[in-house]
S.K.: 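Structure incoming, see below.
Note that ligands are numbered from 1 as they come in the structure, with each ligand's atoms numbered from 1 the same way.
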Amino acid sequence: MTHQPRKRFGQNFLHDSSVIARIHAAIAAQPDERLVEIGPGRGAITAGLLAAAGALDVIELDRDLIEPLRQQFGNNAALRIHNRDALQFDLHTLIHTGERLRVIGNLPYNISTPLLFHFLNQANCITDLHLMLQKEVVDRIVAAPGNKVYGRLSVMVQSRCHASCLFRIGAGAFTPAPKVESAFLRLRPLDPLPYPIDNSELHFRLVAAAFGQRRKTLRNSLSEFVTPAHFAATEIDPKLRAENLDVKSYARLANAVNASIKVNQ
Ligand code: SAH
């Protein structure tokens, strides 16, 4: 019996061999690199990754895909299959201290943002991520200040990673064809961070507040957090709007607010 793609698991299987070849070329896996693939599905990208790296961990949620994967790869012990939810998976359990992973995935689009944050929170053990996502999500992730899709996702991701859109992929490359276009994204966690954030929870809330009212000036949208003194100290113009502030300025502003919270405690 062949497996029917399941909507609830966000299953759109890649079948276009030229797209698969482009993905493998972009990743350019080398022997002995530690790779982990999220959601291997029917193994479209898996075979090339396994051949290039010599071994591979894969994390697949759908139980019904596990046995077919085992059979497809002839029970090859170098393919380590984890029948788990990637959202709950601690990547550190795959490696020894000091080792780093390369993360690859044609992600289920319905959970792509929470998965992305789950990986960013484990960035200290990741060399890079190559992810297939909905085109609009990739556009938002890589957008520069001033762009109309520059927003929360751009700031949160670019604070921690170098982000680049490698190429776009039409819906026809997948079975079934999704309703959206896709794009292939590369993220490289920055280490050390160029603009360290002292309190990431506060930074997250400040960025959300700024873009929650993106038409307003920062003076108004951030009045709950940021005083005129903070704007003055960081030399950030309070008349700017959220979309005009770069990643570095968000870090500086959040750090200034955080410093004065500490002083007042
Ligand atoms: N990489 C394959 C499949 C992509 S479809 C290809 O390119 O053809 C997305 C895959 O992610 C499916 O196999 C789906 O079962 C799996 N998946 C969905 N949610 C998941 C989760 N939370 N954790 C791990 N895998 C998941």
S.K.: Which protein heavy atom lies closest to atom 23 (N) of ligand 1, and at what distance to 0.1 Å?
M.R.: Ala86 N, 2.9 Å
S.K.: Classify the contact between Met132 and ligand 1 as side chain, backbone, both or neither, using a heavy-atom distance cut-off of under 4.0 Å.
M.R.: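 No part of Met132 is near ligand 1 at this cut-off.
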S.K.: Starting from atom 8 (O) of ligand 1, what is the nearest protein heavy atom, named by residue and atom, and what distance separates them?
M.R.: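 Protein heavy atom with the smallest distance to atom 8 (O) of ligand 1: Leu14 N, 2.8 Å.
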S.K.: With atoms numbered from 1 as shown, which atoms in ligand 1 lie under 4.0 angstrom from a non-hydrogen atom of Asp62?
M.R.: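 Per the distance check, 15 (O).
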S.K.: Distance to 0.1 Å, residue and atom name: give those for the protein heavy atom nearest to atom 11 (O) of ligand 1.
M.R.: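 Residue, atom and distance for the closest contact: Gly39 CA, 3.3 Å.
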S.K.: Do the charged groups of Lys248 and Asp246 touch, with an N to O distance under 4.0 Å?
M.R.: no
S.K.: Quick test: of every protein heavy atom, which one is nearest to atom 2 (C) of ligand 1, and how far off is it to 0.1 Å?
M.R.: Pro40 O, 3.3 Å
S.K.: Would a distance-only check, ignoring hydrogens and angles, find a side-chain to backbone donor-acceptor pair under 3.5 Å from His118 to Ala86?
M.R.: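 Flag set: sc His118 to bb Ala86 pair under 3.5 Å.
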S.K.: What distance do Cys161 atom SG and Leu120 atom CG have between them, rounded to the nearest 0.5 Å?
M.R.: 5.0 Å
S.K.: Applying ring pair (Phe, Tyr, Trp, His ring centres under 6.0 Å), can you list everything that pairs with Phe119, at least two apart in sequence or on another chain?
M.R.: none
S.K.: When you measure from the centre of the six-membered ring of Tyr195, is the NZ or CZ of Arg252 closer than 6.0 Å and no more than 45° off the axis?
M.R.: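 The answer is no; the distance or angle limit is not met.
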S.K.: Is Arg205 paired with Glu201 through a side-chain N to carboxylate O contact shorter than 4.0 Å?
M.R.: yes
S.K.: Among all the protein's non-hydrogen atoms, which is closest to atom 19 (N) of ligand 1, and how far away is it?
M.R.: Pro108 CG, 3.4 Å
S.K.: Could you check atom 18 (C) of ligand 1 against the protein and tell me its nearest heavy-atom contact, residue, atom and distance included?
M.R.: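 Of every protein heavy atom, Phe9 O, 3.0 Å lies nearest to atom 18 (C) of ligand 1.
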S.K.: Counting neighbours of CG on Asp32 that are heavy atoms of other residues, nucleotides or ligands and sit closer than 6.0 Å, is the number greater than 12?
M.R.: no
S.K.: Of all the non-hydrogen atoms in the protein, which one sits nearest to atom 12 (C) of ligand 1, and at what distance?
M.R.: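 So the nearest neighbour among protein heavy atoms is Gln11 CG, 3.5 Å.
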S.K.: So does Asp16 pair up with Arg22, basic N to acidic O under 4.0 Å?
M.R.: no
S.K.: Just go through Arg42, Glu60, Glu37 and tell me whose heavy atom is the nearest to atom 13 (O) of ligand 1.
M.R.: Glu60
S.K.: Can you tell which of Asn110, Leu107, Asn106 gets a heavy atom nearest to atom 6 (C) of ligand 1?
M.R.: Asn106
S.K.: Assess Gln88 for proximity to ligand 1: is some non-hydrogen atom of it under 4.0 Å away?
M.R.: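 The answer is no, since Gln88 has no heavy atom less than 4.0 Å from ligand 1.
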S.K.: May I ask you to identify, for Asn12, whether its side chain, its backbone, both or neither come under 4.0 Å of ligand 1 on a heavy-atom basis?
M.R.: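 The backbone, only.
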S.K.: Measure from atom 20 (C) of ligand 1 to every heavy atom in Leu61, Asp85, Asp64 and give the option owning the shortest one.
M.R.: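 The residue whose heavy atom sits nearest atom 20 (C) of ligand 1 is Leu61.
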S.K.: Would you call Asp128-Arg186 a salt bridge at under 4.0 Å N-O?
M.R.: no
S.K.: Look at Asp191 together with Arg160 and state whether they make a salt bridge at an N to O cut-off of under 4.0 Å.
M.R.: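 A salt bridge is absent here (no side-chain N lies under 4.0 Å from a carboxylate O).
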S.K.: Is it the side chain (CB and beyond), the backbone, both or neither of Thr46 that lies under 4.0 Å from ligand 1, heavy atoms counted?
M.R.: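 The answer is neither; Thr46 stays 4.0 Å or more away.
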